[in-house]
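Have a look at the structure below before the remarks.
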2 protein chains.
Amino acid sequence: MAAGATHRPVRTRCADCPIRHRAVCSHCESQDFEELERIKTYRTYAPGETIAWAGEHMPLVGSVVDGVAMLSSTLPDGRRQMVGLLLPSDFVGRPGRATLSFDVVAATKITLCMFNKSEFERMVGRSPHIEHRLLEMTLDELDAAREWMLLLGRKTAREKIASLFVIMARRDAELHRNVPQDGLRFPLHITREAMADYLGLTIETVSRQISALRRQGLIELGDNRMVHVPDFAKLIDQSGDDADGGVLI
Amino acid sequence: MAAGATHRPVRTRCADCPIRHRAVCSHCESQDFEELERIKTYRTYAPGETIAWAGEHMPLVGSVVDGVAMLSSTLPDGRRQMVGLLLPSDFVGRPGRATLSFDVVAATKITLCMFNKSEFERMVGRSPHIEHRLLEMTLDELDAAREWMLLLGRKTAREKIASLFVIMARRDAELHRNVPQDGLRFPLHITREAMADYLGLTIETVSRQISALRRQGLIELGDNRMVHVPDFAKLIDQSGDDADGGVLI
DNA sequence: ATATGCGTTTGATCTCGATCAAGGAAGATC
DNA sequence: GATCTTCCTTGATCGAGATCAAACGCATAT
């Protein structure tokens with residue numbers, strides 16, 4: 001970086017790095033980025049493959065580069081609940097913890113960008129900014145988990161499906177910054193089973209509700225699992241949430 | 001502290017401090033404790049009183065000294081879901097965030113120990129250990145929220161009630177370190193409505209399931225809202241979870 | 001004593017989503 | 001091209017929990 005670079009926070013984005021959206025000084029922290037770059041490795045998993053089991057020792061942390069992974073939890077009799085959806089740029093792993101609390105499973109073909117956890121932690125120990133960023137990200141995840149508790153505990157099947165589509169649409173939009181024209185389009189990578197596990201429903205109910213939304217013209221399913229939402233506000237109406245602020249974020 | 005105090009981490013507990021269970025060096029960090037002591041204030045709320053509204057600017061952080069508070073979320077049409085139960089020693093507030101995401105409501109008469117948020121944050125900025133501890137606590141809350149997602153999405157009414165009792169019993173036991181003799185005893189402060197909001201049920205279903213557990217001798221309700229669990233393992237059996245390790249933690 | 005109010009319990013009935021069952025669509029594999 | 005296999009859809013039926021309704025226990029107020 002040129003001499004005389006100002007000591008001012010800048011917001012950078014790096015989908016391949018566990019610490020994304022860094023709002024720290026790029027000048028004094030650039031060496032962190034470089035070190036992260038040096039130690040990173042990529043790994044790809046097939047759909048359905050378990051990336052890590054709950055309770056397992058997990059020597060890596062990282063982030064999703066491409067594809068979708070699920071955090072899920074299973075009761076002794078096999079009932080399963082997804083407790084987190086990991087989309088591109090999401091953090092994977094538990095800094096400062098030896099083991100995972102939940103299974104991590106690839107929902108689609110997925111590529112992760114991984115770092116050795118102890119090396120990452122040593123870096124964290126040297127740089128309080130990274131720990132601060134980790135805290136921010138964890139608070140965001142906690143908020144998302146709690147929003148999901150409202151969905152699981154109090155929403156109807158119809159509202160659950162609509163909410164899922166709203167969330168997927170928003171996540172896709174913030175990733176691609178595409179300007180909506182004749183409505184929104186986004187890919188629905190995950191299977192009916194994954195949706196059911198996420199929403200606390202059965203696949204039959206998921207299928208029926210999607211059919212119903214389709215019959216009412218709220219969504220259209222195209223090729224390659226693309227979903228087209230002609231009127232996003234109408235979909236939000238079905239989600240049970242406040243339509244605060246209208247479209248997208 | 002005597003001269004020659006060793007530079008060794010000790011685990012201390014301070015129910016009145018937001019940073020509880022500190023596993024840091026008591027020698028070099030004692031000034032943090034002292035500063036926390038200096039700026040703390042107490043405040044008591046009546047049952048049902050709203051401590052803070054979602055979206056509100058919250059200039060304080062702190063922790064529960066005595067009583068129970070609820071974090072809850074409400075849909076536009078009034079359906080409510082509790083997304084967190086704040087028991088004595090739990091942290092309240094969002095360090096580094098301007099506003100709250102959820103309502104904070106006193107479930108019982110409750111006493112909080114509060115700190116000015118910006119003063120607290122200034123302290124956090126000076127001491128990376130505190131931020132580290134905050135991250136740990138937030139990760140714990142995230143795990144708890146995700147456990148609860150499994151309950152909300154996949155457990156039956158019976159299992160939900162049993163799980164709640166198991167959690168309350170464990171929380172009480174870890175607070176009082178009472179040795180179980182003829183089973184466990186703990187106070188059930190919250191109303192049927194609060195339980196229903198927590199479990200994603202109606203008060204009628206909560207009442208019926210509690211009556212059923214009582215008829216089967218799994219729990220007994222005594223005076224002053226005390227619950228007696230003659231055989232904790234049998235209660236865990238009803239919760240749907242693995243009976244891993246048996247009694248208590 | 002009676003009234004008022006709140007939390008709780010219990011009963012009767014209904015409904016939404018689960019369960020059981022069958023068939024269809026689109027790739028893979030041979 | 002035929003046959004799996006996997007995922008998805010749709011129909012018929014069932015049942016757990018919601019809803020509607022009434023009454024009880026217990027406190028405080030009148």
Side-chain angles (χ1 to χ4, degrees), chain A residues 46-49 68 75 77-81 106-109 151-164 187-216 219-227 238 240, chain B residues 46-49 68 70 75 77-81 107-109 151-164 187-216 219-227 238 240:
Chain A
E49 194 174 351
V68 182
L75 288 171
D77 64 4
R79 281 173 287 173
R80 195 154 26 126
Q81 175 65 49
T108 65
K109 180 167 183 291
L151 177 145
L152 291 172
R154 294 302 188 193
K155 286 190 180 176
T156 65
R158 152 71 58 108
E159 290 168 337
K160 287 178 175 182
I161 294 286
S163 299
L164 177 65
L188 190 65
H189 298 293
I190 61 176
T191 65
R192 298 287 182 269
E193 189 184 20
M195 289 188 239
D197 283 346
Y198 202 17
L199 300 170
L201 298 171
T202 59
I203 55 171
E204 294 94 330
T205 299
V206 169
S207 184
R208 272 186 256 272
Q209 293 298 335
I210 289 180
S211 297
L213 287 177
R214 208 146 55 133
R215 267 194 302 278
Q216 296 174 254
I219 57 170
E220 291 155 22
L221 303 188
D223 287 350
N224 285 88
R225 294 173 169 273
M226 284 304 279
V227 180
Q238 299 293 318
Chain B
E49 195 175 350
V68 182
M70 315 180 282
L75 288 171
D77 64 4
R79 280 173 287 173
R80 194 153 28 125
Q81 175 64 49
T108 65
K109 181 169 182 292
L151 177 143
L152 291 171
R154 294 302 187 192
K155 287 191 181 176
T156 65
R158 152 71 57 110
E159 291 168 337
K160 287 178 175 182
I161 295 286
S163 299
L164 178 64
L188 190 65
H189 299 292
I190 62 177
T191 65
R192 298 286 182 269
E193 189 184 20
M195 290 188 238
D197 283 347
Y198 203 16
L199 300 170
L201 298 171
T202 59
I203 55 171
E204 294 95 330
T205 300
V206 169
S207 184
R208 271 187 256 272
Q209 293 299 335
I210 289 180
S211 297
L213 287 176
R214 209 147 54 131
R215 268 195 301 278
Q216 295 175 253
I219 57 170
E220 290 156 25
L221 304 188
D223 287 350
N224 285 90
R225 295 175 167 273
M226 284 304 278
V227 179
Q238 299 292 318

- salt bridge (Lys or Arg N to Asp or Glu O under 4.0 Å): which pairs involve residues 193-202 of chain B, sequence neighbours left out? A/R154-B/D197, B/R80-B/E193, B/R80-B/D197
- Query: Could you state the CG-P distance from B/L151 to D/dG17, rounded to the nearest angstrom?
  - Reply: 12 Å
- Note on the structure: By side-chain contact (heavy atoms from CB on, under 4.5 Å), B/T202 pairs with (sequence neighbours left out) B/E204, B/T205
- Query: Which two nucleotides bound the region of DNA chain C that has atoms under 4.0 Å from heavy atoms of chain B, read 5' to 3'?
  - Reply: C/dT8 to C/dA12
- Item | Residue-level proximity of residues 155-162 of chain A to DNA chain C when a heavy atom falls under 4.0 Å | A/T156, A/A157
- Spacing of B/D197 atom CG relative to D/dA18 atom C1', expressed in whole Å: 15 Å
- Message: Tell me the bend of the helix from C/dA1-D/dT30 to C/dC30-D/dG1 as the angle between end helix axes, each from five pairs, rounded to the nearest 10 degrees.
- Response: 30°
- Contacts of B/R192 that satisfy side-chain contact (heavy atoms from CB on, under 4.5 Å) - sequence neighbours left out: B/L188, B/M195, B/I203, B/V206, B/I210, B/L221
- Message: For a quick test of reading the model, state the closest non-hydrogen atom pair linking B/S163 to B/L151 and the distance between them.
- Response: CB-CD1, 3.5 Å
- Message: Taking salt bridge (Lys or Arg N to Asp or Glu O under 4.0 Å) as the definition, give me every residue that meets it alongside B/D223, ordered by chain and number, with sequence neighbours left out.
- Response: none
- Query: Taking atom C1' of D/dA16 as reference, at what distance in whole Å does atom CZ of A/R79 sit?
  - Reply: 13 Å
- Item | Which residues share a side-chain contact (heavy atoms from CB on, under 4.5 Å) with A/A194, sequence neighbours left out | A/M70, A/M82, A/I190, A/T191
- Message: Minimum heavy-atom separation for A/Y198 and A/L164, please, with both atom names.
- Response: CD2-CD1, 3.7 Å
- Message: Looking at every non-hydrogen atom in both residues, tell me the closest pair between A/R225 and A/H189 and how far apart they are.
- Response: NH1-O, 3.6 Å
- Note on the structure: Residues passing the salt bridge (Lys or Arg N to Asp or Glu O under 4.0 Å) test with B/K160, sequence neighbours excluded, are none
- How is A/R225 classified with respect to the nucleic acid when contacts are heavy atoms under 4.0 Å: base, sugar-phosphate, or nothing? sugar-phosphate
- Query: What's the verdict on side-chain contact (heavy atoms from CB on, under 4.5 Å) for A/L199 and A/K155, showing C-alpha distance, side-chain angles and the deciding distance?
  - Reply: CA-CA 10 Å; A/L199 300 170; A/K155 286 190 180 176; over 6 Å; no
- Tell me, which of residues 198-211 of chain B have any heavy atom that sits under 4.0 Å from an atom in DNA chain C? B/E204, B/S207, B/R208, B/S211
- Message: Other residues, nucleotides and ligands only: do more than 12 of their heavy atoms fall within 6.0 Å of CG on B/N224?
- Response: no
- All salt bridge (Lys or Arg N to Asp or Glu O under 4.0 Å) counterparts of B/R208, not counting sequence neighbours: none
- Query: Taking only residues two or more places apart in sequence or in another chain, which ones pass side-chain contact (heavy atoms from CB on, under 4.5 Å) with A/P47?
  - Reply: A/K109
